[in-house]
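Here the structure comes first, spelled out in structure tokens, and everything after it is commentary.
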Amino acid sequence: MRVLLVGAGLSGAVIGRQLAEAGHHCHVIDARPHVAGNCHTARDAETGVMMHVYGPHIFHTDDQGAWDYVNRFARFLPYQNRVKATAQGRVYPLPVNLLTINQFFGTTLRPDEARAFIEAKADRSITDPQTFEQQALRFVGRELYEAFFQGYTEKQWGCSPSQLPASILKRLPLRFNYDDNYFFHRFQGMPEEGYTALVERILDHARITVELGQEYDDGMAQGVDHVVWSGPLDGYFGYRLGRLGYRTLDFERFTYQGDYQGCAVMNYGDRAVPFTRITEHKHFSPWEAHEGSVCYREYARAAEPGDTPYYPVRLVQEKALLERYVALAQETRGVTFVGRLGTYRYLDMDVTVREALDAARVIAQAAAAGEAPPAFLDSPA
Ligand code: UDP
């Protein structure tokens, strides 16, 4: 089978690799001049720091298969994400844990006491939280919500947390101990030479060709047996039903001699601060030593045509439009839609790898059976 993969991010690379190893011929194109999509990393010319060009990416998972897979192609070094937050004139550890609670309230509570203390602050009239705000008020109470989540989320998503799904907040743990690891997964690490080197290795196969700086056009599908699309779902259809909403990010780069903030990620909860966070990239590679430092102030806003899409918004109006695009996609033969943009979901890298492995298997099996591979592994609507 000859397969065209549109997008050289994690999805396209993993699917291409798997299909190539199964004997298929894969051509991977990407409109950008580099592989790895939004997890692209590159060394800063001035300081030598490995930059997460499109914002921080930390690989964390409980999925042994996804972990083993990425470790086949890169050496992962231990990295634990320990985020700090500046809010209301003080610095706290995130995610909200016992130190955050005790510092914030000026208490010396032990775990059981803190649990009871927070439970007393929780709005127990909310029995089945649907929105981000309800989830926060039910589980952390109003004070912590206002300090750490409300302002940050308004900046990040450009709307009230009462309009966002509870699932976004459920990404973050709430801990009644002093564990300040941002993630609770068994495996966590960073590829020693960055994500772009990882993706280049995945794509390095005799039956894979890669063409960068190449936009897709419909004619390209003519000579191939199947297309794997990891670009924006609405983009495949020329945005003919309208545009699905995305948040994009603007990064304000600045350099510093020495250690600017002492950690990789500092979040800013206050509304009055216009950015959401500052990332100091040398701290993402703690095994390296650099005198100079490069930081990004991160600002979120609605993506306009031509902007890089980052986070699918998935509010009510997007959901209705998404359903219509999903229906269109399901009527389309010869294309499988994958990844964060192709399925319009807030995907972490490990889930992306897992789904890509599954997609490759399904596509190869369908081809072997002489059937058309499905448009989606699971309907994203
Ligand atoms: N969030 C927040 N305050 C914080 C960090 C996160 O309110 O200090 C909310 C915000 O709405 C964000 C969501 O939690 O979009 C998920 O956070 P995560 O750190 O997973 O976001 P990412 O790193 O993927 O941007």
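For ligands, and for the atoms within them, numbers begin at 1 and follow the listed sequence. Just so you know, these numbers come straight off a predicted model, no measurement behind them.
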Practice item. If the plane angle is over 60° it's perpendicular, under 30° parallel, otherwise tilted; pick one for Y216 and W229. Key: perpendicular

Check your understanding: Tell me the salt bridge (charged side-chain N to carboxylate O under 4.0 Å, His left out) pairs involving residues 233-242, sequence neighbours left out?
Key -> none

Study note, to complete from the structure: So salt bridge (charged side-chain N to carboxylate O under 4.0 Å, His left out) across residues 195-223, not counting sequence neighbours, yields none

Point to revise | Under 3.5 Å donor-acceptor, E298 side chain and G55 backbone | key: no

Point to revise | Sidechain-backbone polar pair: D348 side chain, D350 backbone, donor-acceptor under 3.5 Å | key: no

Check your understanding: Near ligand 1, which protein residues have a heavy atom under 4.0 Å away?
Key -> L94, F132, F148, F149, Y152, T153, Q156, W157, I168, R171, L172, Y182, N267, R277, Y311, Y346

Exercise for review: Output every pair passing ring-ring contact (aromatic ring centres under 6.0 Å, His included) with a member in residues 241-260, not counting sequence neighbours, ordered by first then second residue.
Suggested key: Y246-Y344, F251-Y296, F254-Y260, Y256-Y260

